[in-house]
Amino acid sequence: MLLLTVLGAVLVLTAVSRVWATGKVAGVTGGTLDVSVTGSTVSGLPTGLALAALAAAVAVFAVRGAGRIAVGVLTTLAGLGVAAGAAVNAGDASALHTEAARKLALAGAQAEQVGHSVWPWLALAGGLLIALAGLLTVRFGRDWPGMGSRYDAPTRKAPVKAGDTPADLWKALDRGEDPTAG
């Protein structure tokens with residue numbers, strides 16, 4: 001689960017930092033300008049969900065039982081969201097048109113000769129890896145070991161009495177109690 005989530009998230013984060021679409025826009029002086037947009041410019045959804053999946057990969061070891069299943073479901077949904085966001089925006093040129101308008105400072109500028117790269121499809125593949133990791137967590141997560149009870153919140157124990165021996169005070173310190181509180 002951890003390996004699939006990290007691999008998927010790294011794939012997504014790498015893909016969204018690369019150019020997803022390129023084009024040309026006619027300049028006001030008759031020349032053309034090259035325009036391009038990265039995946040993070042096209043959509044912030046894959047980036048955010050990939051980071052959430054990375055957090056879930058760490059959280060899955062901190063929870064047990066129903067909490068682990070919930071983390072698995074959330075990881076699955078994050079992966080599917082990444083895949084959907086990448087698929088929807090793979091052929092979209094609206095961000096490219098916006099970039100063309102920004103470069104020319106003209107509201108109606110449109111990019112021409114639009115080309116799309118393979119990076120959105122790699123982001124989609126990363127999202128599917130994340131979703132698979134979530135499904136594995138839902139299916140097999142109950143059987144995975146968790147963090148030991150030493151990481152659980154401390155419980156309140158009876159305070160050490162003033163008449164206890166020095167050895168009892170040291171034992172209280174070893175248990176994490178404060179022998180001076182009382």
A.B. asks: In terms of hydrophobic clustering (I, L, V, M, F, W, Y; side-chain heavy atoms under 4.5 Å; direct or indirect links), are Val58 and Val82 co-clustered?
C.D. replies: no
A.B. asks: Considering non-hydrogen atoms only, spot the tightest contact between Ala56 and Val71 and give its length.
C.D. replies: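 Minimum heavy-atom separation between Ala56 and Val71: O-CG1, 3.5 Å.
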A.B. asks: Rounded to the nearest 0.5 Å, how far does NZ of Lys171 lie from OG1 of Thr165?
C.D. replies: 7.0 Å
A.B. asks: Could you tell me which non-hydrogen atom of Ala131 sits nearest to which non-hydrogen atom of Thr76, and how far apart they are?
C.D. replies: O-OG1, 3.6 Å
A.B. asks: Same hydrophobic cluster for Leu77 and Val88, using side-chain heavy-atom links shorter than 4.5 Å among ILVMFWY?
C.D. replies: no
A.B. asks: Side-chain heavy atoms under 4.5 angstrom apart, residues restricted to Ile, Leu, Val, Met, Phe, Trp, Tyr: same cluster for Phe61 and Val6?
C.D. replies: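 Looking at the clustering, Val6 is in the same group as Phe61.
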A.B. asks: Over all heavy atoms of both residues, which pair between Leu2 and Ala57 is shortest? Give the atoms and the distance, please.
C.D. replies: CD1-CB, 3.7 Å
A.B. asks: What are the two closest non-hydrogen atoms of Ala50 and Ala9, and how far apart are they?
C.D. replies: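 Where Ala50 meets Ala9 most closely, the heavy atoms are O-CB, 3.9 Å.
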A.B. asks: Test side-chain contact (heavy atoms from CB on, under 4.5 Å) on Ile130 and Thr75 and set out the steps.
C.D. replies: CA-CA 7 Å; Ile130 292 170; Thr75 303; 3.9 Å; yes
A.B. asks: Checking the side chain of Thr5 only, and the main-chain atoms of Ala53 only, is there a donor and an acceptor separated by less than 3.5 Å?
C.D. replies: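 No.
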A.B. asks: Start with the C-alpha distance between Leu80 and Leu49, add both sets of side-chain angles, then the distance that settles side-chain contact (heavy atoms from CB on, under 4.5 Å), and finish with yes or no.
C.D. replies: CA-CA 9 Å; Leu80 293 175; Leu49 291 176; over 6 Å; no
A.B. asks: Side chain of Trp119, backbone of Thr14: donor and acceptor closer than 3.5 Å?
C.D. replies: no
A.B. asks: If two hydrophobic side chains count as joined below 4.5 Å and joins carry through other members, does Val114 share a cluster with Val25?
C.D. replies: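 Yes; tracing contacts between hydrophobic side chains, which count when under 4.5 Å, links both residues.
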A.B. asks: List the steps, then state whether side-chain contact (heavy atoms from CB on, under 4.5 Å) holds for Asp34 with Thr22.
C.D. replies: CA-CA 7 Å; Asp34 292 331; Thr22 59; over 6 Å; no
A.B. asks: Transitively linked via ILVMFWY side-chain contacts under 4.5 Å: Val37 with Val118?
C.D. replies: yes
